[in-house]
Amino acid sequence: MSPVAPLLAGPESWIWWSWVGDHLGDIGDALREHLLLTTLAVGLGFSVAFPLALAARRWRWLYPPVLSVTGILYTIPSLALFALLIPWTGLSRTTAVVPLAAYTLLILVRNTVIGLESVPAATVDAATGMGYGPVARLVRVELPLAVPTIIAGLRIAVVSTIALVTVTAVIGLGGLGALIKDGLNRDFRTPLVVGTVLCVALAVIADLALVGLERLLTPWSRRSRSRS
């Protein structure tokens, strides 16, 4: 039985439903803020990671230092990154978005490079032989074939960011973490459970949406080969 089930159907269920009914506005605001922070962080991370990955693939000497720097960023505790930014940005969304974006860089850069490297050399040579320049070859041949690996990295980045956004509640920012923090501070499990369940649901929905996007963007011929 799910640990949430007794809460929903037990003798105290009316407290749970009453709290949810009284705080629908707050729950909606927390959910919207959580989505916004996640979207901004992953969008910023991808906008930095993608050109970095292309540069690292073009100039191979750049790949190890890029992985080293993004790996170091990944190991720094999130609260430490928040604290470093607060003197300059205050308690704003920027304080949360920049560190969260930094955590996505390692997986996004690595998966983009691996995806592009996985394109068969014969395919690249054939595209070159057909007169494709570097940009046309990248856009029309290499990126479509690298899509599954790139989106696999994006899925990991999105799901992990959805979980990490809850930490921003510690520095007073919103999101579903604020509900969880409220439940912990008051030793009242209803907002804690609501925040946690919505966070998990958000991660599952985002993951399924990206799986659908992957299938939409992956060439049919490549899907056929992967099934065989």
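In this text, all values refer to a predicted model and were calculated from it rather than measured experimentally.
The local environment of CZ in Arg186 is crowded, with over 12 non-hydrogen atoms from other residues, nucleotides or ligands closer than 6.0 Å. Counting heavy atoms of neighbouring residues, nucleotides and ligands inside a 6.0 Å radius, atom CZ of Arg60 exceeds 12 of them. The local environment of OH in Tyr74 is sparse, with at most 12 non-hydrogen atoms from other residues, nucleotides or ligands closer than 6.0 Å.
With Val165 as the partner, the side chain to side chain contact (heavy atoms under 4.5 Å, CB included) test is satisfied by one option alone out of Leu36, Val97, Leu100: Leu100. A side chain to side chain contact (heavy atoms under 4.5 Å, CB included) with Leu106 is found for one member of Val66, Asn111, Leu67, Ile72 and no other, namely Leu67. Checked against Val124 for a side chain to side chain contact (heavy atoms under 4.5 Å, CB included), the options Val119, Val141, Leu145, Leu138 give a single hit: Val119.
The nearest pair of heavy atoms linking Val147 to Glu214 is CG1-O, 4.3 Å. Smallest separation of non-hydrogen atoms from Val158 and Ala206: CG1-CB, 3.8 Å. Between Leu37 and Ala96, the closest heavy-atom pair is CD2-CB, 4.3 Å. Nearest heavy atom pair, residue Pro99 against residue Leu81, reads CB-CB, 3.7 Å. The two residues Ala56 and Val113 have their closest heavy-atom pair at CB-CG2, 4.5 Å. For the residue pair Ile156 and Ile107, the shortest heavy atom distance occurs at CD1-CD1, 4.1 Å.
Here the straight-line distance linking atom CG of Leu176 with atom CG of Leu192 works out to 11.5 Å at 0.5 Å rounding. Atom CZ of Arg140 and atom CE of Met130 lie 8.0 Å apart (nearest 0.5 Å). Distance check: Thr190 OG1 to His23 NE2 gives 10.0 Å after rounding to the nearest 0.5 Å.
With a 4.5 Å cut-off on side-chain heavy atoms, Phe82 and Val167 count as touching. Looking only at side-chain heavy atoms (C-beta outward), Leu85 and Thr94 stay at 4.5 Å or farther from each other.
When the side chains of ILVMFWY residues are joined at heavy-atom separations under 4.5 Å, either directly or via intervening members, Leu52 and Trp61 end up in a single hydrophobic cluster.
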